[in-house]
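Reading through the structure tokens given below for one structure.
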Amino acid sequence: MIEMQDVYKKYPNGIMAANGMNIKIRQGEFVYVVGPSGAGKSTFIKMMYREEKPTKGTIIVDGINLANLKNKRVPYIRRQIGVVFQDFKLLPTLTVYENVAFALEVIEEHPKNIKKRVMEVLELVRLKHKVRMLPTELSGGEQQRVSIARSIINRPKVVIADEPTGNLDPETSWDIMSIFEEINTRGTTVVMATHNKEIVNTLKHRVVAIENGRIVRDEQRGDYGYED
Ligand code: ADP
């Protein structure tokens with residue numbers, strides 16, 4: 001599903017954020033990405049949805065090499081990959097419904113199909129009753145649920161999340177994790193950078209640890225392994 005071969009990333013300021021990364025992630029896996037701040041977790045994740053381009057190496061996602069993908073094809077690949085951020089990134093002037101429907105409207109899906117699909121994903125994140133609200137009228141956890149609904153609207157094979165519980169209290173974080181578990185149970189690959197030790201050590205999945213731009217540990221049902 002996702003494969004990196006000898007991936008290097010040097011930012012314009014000279015920092016090497018990826019220093020020879022190799023990994024294979026199969027369809028349906030759940031992978032936590034852990035490591036200290038500045039280790040290269042976000043860079044690793046951003047390269048998987050072509051937010052950042054590697055300086056060297058191959059990154060294949062669902063059969064497409066993102067390293068030499070033409071810029072004009074980036075919007076196409078973005079529709080195949082769901083992305084969830086720590087700070088939600090919802091459009092503030094749009095309702096819950098409109099935020100989730102947006103990705104289907106740009107591809108000019110039939111309005112009837114849009115409505116059906118939006119209500120389906122809002123049901124999955126348990127937010128059907130708030131479709132007409134604006135993001136500012138929602139709690140942080142609810143906003144994150146909207147952003148998860150938005151990430152899966154196109155039925156992507158993979159959802160990539162960069163510290164999705166980073167801004168949420170512990171109870172809300174568990175609630176958000178239950179949604180990712182559900183998405184993964186339905187067959188979607190999940191790759192999640194996180195600092196949440198308790199979650200990683202309780203909801204056991206594969207753990208990939210990154211330090212200094214390198215994968216230093218890769219364990220099935222691993223532990224968080226750091227003290228923070
Ligand atoms: P993490 O997500 O583990 O905190 P990052 O991937 O964000 O790590 O950062 C890895 C390293 O790359 C850090 O030293 C960071 O300062 C640097 N870095 C990240 N993004 C950029 C950028 N856009 N330009 C220059 N340096 C960056």
Side-chain angles (χ1 to χ4, degrees), residues 1-25 29-61 65-71 74-75 77-78 81-90 140 143-144 147-148 151 156 158-170 172-173 176-177 180 189-201 203 205-219 222-228:
M1 178 68 217
I2 301 174
E3 185 167 358
M4 286 193 182
Q5 291 163 355
D6 290 322
V7 168
Y8 291 78
K9 173 69 185 181
K10 187 179 188 177
Y11 283 111
N13 60 3
I15 289 179
M16 290 292 291
N19 231 319
M21 288 176 165
N22 289 282
I23 192 167
K24 273 186 194 174
I25 298 172
E29 276 197 277
F30 195 128
V31 181
Y32 292 120
V33 181
V34 304
S37 282
K41 302 181 298 295
S42 291
T43 302
F44 175 73
I45 272 188
K46 282 177 179 167
M47 289 191 295
M48 286 182 189
Y49 60 96
R50 246 301 283 271
E51 176 70 20
E52 291 292 351
K53 221 173 164 171
T55 313
K56 213 174 101 186
T58 308
I59 304 175
I60 295 162
V61 178
N65 186 358
L66 301 189
N68 54 22
L69 186 72
K70 294 237 165 47
N71 285 337
V74 171
I77 190 83
R78 290 279 172 78
I81 303 170
V83 186
V84 176
F85 305 95
Q86 178 172 3
D87 59 355
F88 325 133
K89 299 202 193 298
L90 298 174
Q143 290 182 58
Q144 194 57 299
S147 97
I148 295 172
S151 79
V158 55
V159 171
I160 293 171
D162 200 348
E163 295 199 39
T165 63
N167 282 353
L168 305 173
D169 60 62
T172 309
S173 299
I176 291 300
M177 286 308 297
F180 280 110
T189 310
V190 177
V191 180
M192 179 184 295
T194 183
H195 279 121
N196 198 316
K197 180 178 180 176
E198 215 169 284
I199 284 174
V200 174
N201 289 347
L203 296 171
H205 293 295
R206 181 175 173 187
V207 174
V208 169
I210 294 179
E211 291 176 21
N212 300 316
R214 290 190 178 88
I215 294 171
V216 294
R217 179 161 59 97
D218 184 351
E219 292 170 341
D223 274 321
Y224 182 73
Y226 297 95
E227 278 316 310
D228 59 307

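Excluded from the calculations below are hydrogen atoms, water molecules and symmetry mates; all remaining heavy atoms, backbone and side chain alike, are included. Counting convention: from 1, in listed order, for ligands and their atoms alike.
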Item to complete: State whether Y224 and K197 meet the cation-pi test: NZ (Lys) or CZ (Arg) under 6.0 Å from the six-membered ring centroid, and within 45° of the perpendicular axis.
Response: no

Need the ligand 1 atom indices (1-based, order shown) with element for anything under 4.0 Å from a heavy-atom of [X].
{"X": "I15", "value": "11 (C), 12 (O), 14 (O), 17 (C)"}
{"X": "N13", "value": "25 (C), 26 (N)"}
{"X": "K41", "value": "1 (P), 2 (O), 3 (O), 4 (O), 6 (O), 8 (O)"}

Worksheet item: Where the closest heavy atom to atom 10 (C) of ligand 1 is concerned, which of G38, S37, S42 has it?
Response: G38

Discussion item. Pairs of nitrogen or oxygen atoms closer than 3.5 Å, one from G40 and one from ligand 1: do any exist?
Written reply: yes

Worksheet item: Are any of the N or O atoms of A39 closer than 3.5 Å to those of ligand 1?
Response: yes

Worksheet item: Does K24 use its side chain to pair, donor to acceptor, with the backbone of I2 at less than 3.5 Å?
Response: no

Practice prompt. Check whether any side-chain N or O of K10 sits under 3.5 Å from a backbone N or O of T55 as a donor-acceptor pair, and report yes or no.
Written response: no

Discussion item. Tell me the protein heavy atom at minimum distance from atom 18 (N) of ligand 1, and give that distance in Å.
Written reply: Y11 CE1, 3.4 Å

Worksheet item: Which heavy atom of the protein is the closest neighbour of atom 9 (O) of ligand 1, given with residue, atom name and distance?
Response: T43 OG1, 4.0 Å

Fill in: Worked verdict on D218 versus R206 for salt bridge (Lys or Arg N to Asp or Glu O under 4.0 Å)
CA-CA 7 Å; D218 184 351; R206 181 175 173 187; 2.8 Å; yes

Fill in: Min heavy-atom dist P36 to ligand 1 below 4.0 Å
yes

Item to complete: Measure the acute angle between the ring planes of Y49 and F85, then classify it against the limits of 30° and 60° as parallel, tilted or perpendicular.
Response: perpendicular

Worksheet item: If you count the non-hydrogen atoms of other residues, nucleotides and ligands that lie under 6.0 Å from CG in N212, is the total more than 12?
Response: no

Practice prompt. Hey, could you give me the CE/CE distance between M4 and M47, rounded to the nearest 0.5 Å?
Written response: 4.5 Å

